[in-house]
Amino acid sequence: MTSVARPVARTAYQQSVADYWNAEKDPVNLRLGDVDGLYHHHYGIGDYDPSVLDGRGDERDKAIIAEMHRLETAQSQFLLRHLGDIGPTARLLDAGCGRGGTSVQAHQRFGCRVDGISISEQQVDFANEQARLRGIDGAVRFHLRNMLDTGFESGDFAGIWNNESTMYVDLHELFAEHARQLAPGGRFVTITGCYNDLTGGRSRAVSQIDQHYICNIHARGDYFKALAANGFVPINVVDLTEATIPYWELREQSSVATGIEKPFLTAYREGSFHYLLIAADRV
């Protein structure tokens, strides 16, 4: 694990986020990752196989867990496809890497060096151990750093992504730092939940999600304003809202449900919350 000399968490709020994820050992993240060693901290997309609900007892539970994990892995694969053509000599940055699943997939897909960062020491240590166990720790490394001020050199990265981590930071600060780190023509991709600013402010269901994850979900329009202000041009915007609903319907019936499933489903179905992929090039 590497960290910059200055404190990683710069504010009381950032420290509270670090504390939350340092203490987190939620089965919805750990049991799914145990399926194949890819530990995700994001949600899934695509239809699920309804036959997983037909079993009984432990077999039914194992089938649901495996299917949820398949949908989560499909989400990260979808994100990585939008990075474009990445060669083996490139370098990528996973900003808000969680336990490192998407970083591992990126290395498997492109064969390149990947750096992941988190303000959670527990996540960074866990992810580095997984890379070591896979024998890829020379190419995939995780660092205890702040995504708003990473300490990496300017222009070092061909691609950067945030997979469901932008709701913890100011978008203008984040995209300014990403623009600094990306080489000219480099690409940024995010998959994120955002509230629908055409319907007003945060709905009750969105506010419940904020409270559950101690995050601050941004308005959909704020992403495009902050990207434009920092020299990014969106090239793909994909609404994944309908594609993620089956994941939440399945999760609600699983043994690892946390109670937040109903607010997510309510927010998606009423249209107050959108699940988007945004890919943008640095110009």
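As the structure is a computational prediction, the values presented were derived from the model and not from experiment.
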*Would you please test N216 and R202 for side-chain hydrogen bond (donor to acceptor under 3.5 Å, both in side chains) and show each step?*
CA-CA 10 Å; N216 183 31; R202 291 175 181 81; 2.5 Å; yes
*Begin from the C-alpha positions of H42 and N163 and carry the test side-chain hydrogen bond (donor to acceptor under 3.5 Å, both in side chains) through to its verdict.*
CA-CA 7 Å; H42 58 258; N163 197 353; 3.1 Å; yes
*Under the side chain to side chain contact (heavy atoms under 4.5 Å, CB included) criterion, do Y275 and I45 qualify, and how do the steps go?*
CA-CA 10 Å; Y275 194 53; I45 57 173; 3.9 Å; yes
*Just do the salt bridge (charged side-chain N to carboxylate O under 4.0 Å, His left out) check on E249 and R269 with the steps written out, would you?*
CA-CA 12 Å; E249 291 174 335; R269 289 167 176 162; 2.8 Å; yes
*List the steps and the verdict of salt bridge (charged side-chain N to carboxylate O under 4.0 Å, His left out) for D49 and R70.*
CA-CA 10 Å; D49 180 355; R70 183 184 70 81; over 6 Å; no
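Applying side chain to side chain contact (heavy atoms under 4.5 Å, CB included) to Y39 and the options D34, V104, T102 leaves one that passes, D34.
Checked by atom type, the side-chain pair H143/D115 shows a donor-acceptor distance below 3.5 Å. Between the side chains of T244 and Y268, not a single donor N or O lies within less than 3.5 Å of an accepting N or O.
V17 is not connected to F126 by any chain of hydrophobic side-chain contacts under 4.5 Å among Ile, Leu, Val, Met, Phe, Trp and Tyr, and they are in different clusters. Cluster membership for W161 and I235, using ILVMFWY side-chain heavy atoms within less than 4.5 angstrom, is not shared.
Under a cutoff of 6.0 Å and an axis angle of 45°, R145 and F152 form a cation-pi pair.
With a 4.5 Å cut-off on side-chain heavy atoms, F264 and R251 do not count as touching. Side-chain contact check for R99 versus L30: some heavy-atom pair is nearer than 4.5 Å.
Within 6.0 Å of CG on D54 lie more than 12 heavy atoms contributed by other residues, nucleotides or ligands. Other residues, nucleotides and ligands place no more than 12 heavy atoms under 6.0 Å from the CD atom of Q211.
When all heavy atoms of L32 and M68 are compared, the pair lying nearest together is CD2-CB, 3.8 Å.
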